[in-house]
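Have a look at the structure below before the remarks.
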Amino acid sequence: MENAQQTPAPGTLSWRLSSHPITLLTFLFFRVSSLLVYLFGLRLFTSNFVLIFIITILLLATDFYYLKNIAGRRLVGLRWWNEVDTATGDSRWVFESADPETRQINATDKRFFWIALYAQPVLWILLAVVALASLEFIWLTLVVIALILTITNTLAFSRCDKFSHATGFASSAAFGSGLARNLAGGMVSSWFRR
Amino acid sequence: MAAMLPSSSTSNAPYDNDAVERDLIDPDDAALDDLDDPLQSTSDRAPLVGNIQSGSSRGANTQSYLTSSIPGEDRRAPTNTIDETVWETLSRDLLAIWEKMKQVLYPKYLLGGMMQRGGGIGAAERGEADGFGGSIRELAGRWPDADVILQGGMSDGLRDWDLWGPLVFCLLLSLFLSRRAKETQKELVFSGVFAMVWVGEAVVTMQIKLLGGNISFFQSVSIIGYTLFPLVIASLLSAVGLHPIPRIPIYIVLVAWSLAAGISILGGSGVVRNRVGVAVYPLLVFYILLGCLCFIS
């Protein structure tokens, strides 16, 4: 959220200001559509549970993929993935970020991206509370899957952002002096201690 | 230390300008031979940058290793995937999915075993359906052969796991199995099968991990999910209402196909030789259970 607040006035939430309007609109479509299908399916056409379930899951998976692989790097120049070391079987997180000097990130894109990224898990948590309160345990499984997918993406991208700031900081400041590295490490760790 | 070294082939790609500046600062403990060798500048730089870049993440880990922080690494574009086109991303991922499907459609162990023994795992599998005790020993007796066939290890295509296969096959399986259920029980059958597949994959994976397999959790879930493909065919046959009697041989072959694919892919996961049978047994139970579900539906 702090990223959204730091943006200057030109970054108003209008898709016309975006430098990748198609990517942005597709991204927002996938983000919203899974929620809408779930809500309307739950309230209006509950008779066909299986169909709504499948559509929602597929939309969630597409949203996850699109955000992770396409929207993330086109809108804010960040990407993360998980890599497996075949020798040991350990998995590592790898974060990639665009060089800020060669790539100018549009403020509108950035704001849209981070707001959508953080709003989605909050909305699904609300729906989880509703599902729990109304004892809809079958629907709860769907909400749990949605939560896992959206929260994974949110955590990974916020971490990716911190990583890119931290390394950019450490390499531009006097390298090797412990101060910059401690500061960067502190920033990352305080973010994850929440 | 091994985790810091760049292991993937992409790490040898040239780094950005920052790395060149860093390279100008010589390490304190460097010997005379290490310094300013123009012939080996790239190979010297790679491990050096690896150490430096993971420095900040290391610091974070030691401070907060009790929290949920997961060790990671930041790569300032050694592999430049940030600026690629959408089509490049899509085609690479589709190719990776097809690579995994090929491994399932053409299980190495099944075909290798058939060539060598004339019956292979299929024969052992048919014995399995009759009586558990004797055939397990028979199955275990075959494992040294399996190890020989599987020595190739895991292919590169399987290193990059994804969950599209498990998701789609799990949904199809649940959908087909719930087609023949009664109107009132459809939801229960669907969500029951759906949950059972995921829980089953998780349990089998935990078993392999606990037995010392060198495989990550999601990688194994991904592989097991892809090997559900023959069982999806079985559930489709059930959904269109195949007669119970031809079901028996067809389903046994399909379960054997799944098992052969699962073993031949998971074979590279580094489970200790004597324990391969134990590690794969839950997988067998899982496939047979799903096969029975397809049969009775």
Side-chain angles (χ1 to χ4, degrees), chain A residues 23 49-50 53-54 57-58 61 65 69-70 73-74 77-99 101 103 138 141-142 155-156 159-160 162-164 166-172 175-176 180-182 184-190 192-194, chain B residues 2-3 7-8 16 18 21-22 25 52-53 55-61 63-64 67-77 79 81-84 86 89 93 153-154 156 159-161 163-164 167 171 174-175 178 186-188 190-191 194-195 209 213-219 268-270:
Chain A
T23 312
F49 164 81
V50 174
F53 191 95
I54 290 177
I57 288 242
L58 287 181
Y65 179 85
N69 290 316
I70 296 171
R73 66 187 168 80
R74 284 176 76 93
L78 296 173
R79 190 173 193 192
W80 64 273
W81 70 87
N82 199 301
E83 206 175 67
V84 177
D85 189 355
T86 14
T88 59
D90 296 331
S91 62
R92 284 180 310 166
W93 294 74
V94 181
F95 303 106
E96 217 182 312
S97 50
D99 198 340
E101 285 164 15
R103 170 87 169 259
I138 285 188
T141 55
L142 188 56
L155 278 183
R159 233 188 126 192
C160 187
K162 296 292 152 187
F163 258 107
S164 76
T167 48
F169 198 28
S171 59
S172 62
F175 175 74
R181 232 183 306 167
N182 284 341
M187 270 164 58
V188 177
S189 61
S190 68
F192 281 97
R193 206 170 281 139
R194 298 177 297 156
Chain B
S7 68
S8 73
D16 56 357
D18 283 349
E21 285 175 16
R22 284 174 209 160
I25 303 170
I52 289 166
Q53 285 200 332
S56 61
S57 63
R58 276 294 141 128
N61 291 338
Q63 280 171 28
S64 60
T67 65
S68 64
S69 172
I70 312 156
E73 103 181 72
D74 181 34
R75 255 184 221 170
R76 182 59 62 89
T79 56
T81 66
I82 287 279
D83 291 323
E84 69 187 2
V86 174
T89 310
D93 289 339
M154 200 171 294
D156 271 353
R159 212 188 57 182
D160 310 323
W161 52 268
L163 294 178
W164 282 112
L167 177 68
L171 282 177
S174 317
L175 179 68
S178 66
K186 255 183 188 166
E187 299 178 6
L188 274 179
F190 182 84
S191 48
F194 190 84
K209 287 280 280 185
N214 289 333
I215 194 166
S216 86
F217 184 80
F218 284 108
Q219 202 180 6
S269 62

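Just the heavy atoms: all of them, side chains too, but no hydrogens, waters or symmetry mates, feed the values below.
Of all heavy-atom pairs spanning B:T89 and A:R79, the tightest one is CG2-NH2, 3.8 Å.
A:N69 CG to B:D93 CG: the interatomic distance, rounded to the nearest 0.5 Å, is 5.5 Å.
Only the side chain of A:L58 has a heavy atom closer than 4.5 Å to any heavy atom of chain B.
Partners of A:F53 according to the ring-ring contact (aromatic ring centres under 6.0 Å, His included) rule, which considers only residues two or more places apart in sequence or in another chain, are A:F49, B:F190, B:F194.
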